[in-house]
Amino acid sequence: MNAQIAFLAGTYHLIHVPLAQYSTVLQPILRILLPQSHNPNLSPELPQSELESLGLTADGQHTFLNISITPIECSIVCHSEWTKNVFEPAIRTLPKDVAKAVSISKDTYTILSVISAGLDAASRVVDLSMPAAFAGIPIFFITTYYSDFILSPTKDRQNVIQALLAKGFELAENQSNFVSPSAYGHQRGSSHPRTPPVTPPPANVNEMQSRTFDMLRRRNVVPYIDEGLELVQCSGRETSQQLSEIVNHRPSLSRHATGSGHRQAWVDKIDPKLYTCIVSALVSQPRFMSITLAQDDPPSLLLDKKLLGIFGDSLVGDIENRLIPIFLDLVNLPFEATGIVCGVAGRLVQEMRMAESPELSYLSTARAGAVILSEEQSVRALDILKPLLTKEA
């Protein structure tokens, strides 16, 4: 595996909004989604340190933001400052019974950005989530068109570092970037001390998977496919460079721009039609739509194929491909539940022998998870998961 892994700056919250309350938070969603480089409330003279404290880069771009609308919920992952300054004030204006239904994670999260080459998606999800699963660290996992992102509790940051070191990843000099052991030809031992998890970690993969499915069965989690829902994974069209430079939908490890001169704001590099299309889709309360903004990538979208007509030619990607999500409603599980991503994805990879397949991805939202596969694979996956999550009579 050839991977570059780095902690993104700042801390983040997960926000759960029931679909019945979606319209009440649409305005704050649009407020943080639109390009902050053009936000009249932000002075263009703000120093870099203040922009970073807001989760923004020098050109006013979000370091990370995910907005997902699914058949289960609306879920938002945003920098803690946007939670405090935008969402919390908006929620306080709602009637008490409505506000009570909206939940914000008590803990903050840090985000690992993963850029990997030479490894298929199915193995990537498992291999990247496994160190945290064995360390008893709860994570959320988001696969996008360009990168993978892992959310883990801020309080577990050191444990995440030790878990990565124990699996052979090297810690770079700035203490925030890792590269895979293949870049060095050796592995570092796991002799570094770490705070043990509250629950003893699983001894092996089988025990880890067994724990995961036992927990899901106890909480009555039943996997299902939303009939007729087909997804496409795509990206906003970048106007400043040709996306043909990106191989196999994934950038190389040296994809970061090194050009000189004035650094353009993100909105200047993206087809401006994209914003109109995104807003139009969000206002329509889509059946499924997930948008991820990250500082080094054009916008990544995973959306209901029926929305493609709204976007016209503002997207790039394999829009002919049909992806099917298998949903896991996790509303009855605590945020700190561990091993779900690795346990579910790992069992599917194991049972379906998908090691050579690039067709599995995973989307964690605040209160749900979605395993995303090709149409043929989704049928097989559902046949595997249902017996594992069915309580014995």
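These numbers come from the heavy atoms of this one structure, side chains and all, not from hydrogens, waters or symmetry mates. One is the number of the first residue; the rest follow in order along the sequence.
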How many angstroms lie between [atom1] in [X] and [atom2] in [Y], if you round to the nearest 0.5 Å?
X	Y	atom1	atom2	result
R219	D329	CZ	CG	12.5 Å
I340	I139	CD1	CD1	10.0 Å
L330	T365	CG	OG1	7.5 Å
I111	L151	CD1	CG	4.0 Å
I72	H16	CD1	NE2	10.0 Å
E230	S378	CD	OG	9.5 Å

- Candidate list S300, S113, S235, test side chain to side chain donor-acceptor pair (under 3.5 Å), partner Y146, passing option: S235

Within one Ile-Leu-Val-Met-Phe-Trp-Tyr cluster: [X] and [Y], side-chain cutoff 4.5 Å:
X	Y	value
I278	L26	yes
Y224	V331	no
L94	W82	no
V379	L328	no
V98	L19	no

Indicate yes or no for a side-chain donor-acceptor contact from [X] to the backbone of [Y] under 3.5 Å, with no hydrogens or angles considered.
X	Y	result
S280	T276	no
S75	A366	yes
S105	L14	yes
D226	P71	no
D156	N159	no
S364	I142	no
K84	H79	no
E73	R367	yes
R217	L388	yes

- Query: Can S361 and T143 be said to form a side-chain hydrogen bond (donor to acceptor under 3.5 Å, both in side chains), step by step?
  - Reply: CA-CA 6 Å; S361 58; T143 304; 4.9 Å; no

Taking all heavy atoms of [X] and all of [Y], pick out the closest pair and write down the distance.
X	Y	result
I291	M289	CD1-CE, 3.6 Å
Q295	T63	OE1-CG2, 3.1 Å
G236	L301	N-CD1, 4.1 Å
V344	F213	CA-CZ, 4.1 Å
R287	D304	CB-OD2, 3.7 Å
P325	L323	CD-O, 3.9 Å

Check: [Y] and [X] side chains under 4.5 Å, non-hydrogen atoms:
X	Y	answer
F288	L307	no
V125	V341	yes
C234	L303	yes
S152	L112	no
P202	F134	yes
I384	L348	yes
L33	L293	yes
I76	V17	yes

Atom pairs and distances, side-chain donor-acceptor, residues 368-375, under 3.5 Å, sequence neighbours left out:
unit_1: S374; atom_1: OG; unit_2: Q377; atom_2: N; d: 3.3
unit_1: S374; atom_1: OG; unit_2: Q377; atom_2: OE1; d: 3.1
unit_1: E375; atom_1: OE1; unit_2: R322; atom_2: NH2; d: 2.4

- Which of parallel (below 30°), tilted (30 to 60°) and perpendicular (above 60°) describes F64 and Y12? perpendicular

- Measure the acute angle between the ring planes of Y362 and F141, then classify it against the limits of 30° and 60° as parallel, tilted or perpendicular. perpendicular

- Begin from the C-alpha positions of T212 and D214 and carry the test side-chain hydrogen bond (donor to acceptor under 3.5 Å, both in side chains) through to its verdict. CA-CA 5 Å; T212 299; D214 285 346; over 6 Å; no

- Query: When you check the gap from the basic side-chain N to the acidic O, do D148 and R124 get nearer than 4.0 Å?
  - Reply: yes

- Message: Under 4.0 Å between a side-chain nitrogen and a carboxylate oxygen: does that hold for E376 and R380?
- Response: no

- Query: Going through the checks in order, is the side-chain contact (heavy atoms from CB on, under 4.5 Å) test met by L385 and I326?
  - Reply: CA-CA 10 Å; L385 293 177; I326 298 176; 4.3 Å; yes

- Show your reasoning for whether side-chain hydrogen bond (donor to acceptor under 3.5 Å, both in side chains) applies to S147 and D297. CA-CA 8 Å; S147 308; D297 298 336; 3.1 Å; yes

- Message: Set out, in order, the CA-CA distance, both residues' side-chain angles and the distance that settles side-chain contact (heavy atoms from CB on, under 4.5 Å) for F327 and I225, then state yes or no.
- Response: CA-CA 6 Å; F327 293 106; I225 290 175; over 6 Å; no

- Item | Flag for S80-T11: side-chain donor and acceptor within less than 3.5 Å | yes

- Query: What pairs with N206 under side-chain hydrogen bond (donor to acceptor under 3.5 Å, both in side chains), at least two apart in sequence or on another chain?
  - Reply: none

- Verify side-chain contact (heavy atoms from CB on, under 4.5 Å) between V102 and I15, making sure each step is shown before the conclusion. CA-CA 7 Å; V102 179; I15 304 172; 4.2 Å; yes

- Among T154, L8, V160, I150, find the one that has a side chain to side chain contact (heavy atoms under 4.5 Å, CB included) with T110. T154

- When you look at CD of Q285, are more than 12 heavy atoms from neighbouring residues, nucleotides or ligands closer to it than 6.0 Å? yes

- Between T108 and H13, is a side-chain contact (heavy atoms from CB on, under 4.5 Å) present by the stated rule, with each step listed? CA-CA 5 Å; T108 62; H13 279 104; 3.6 Å; yes

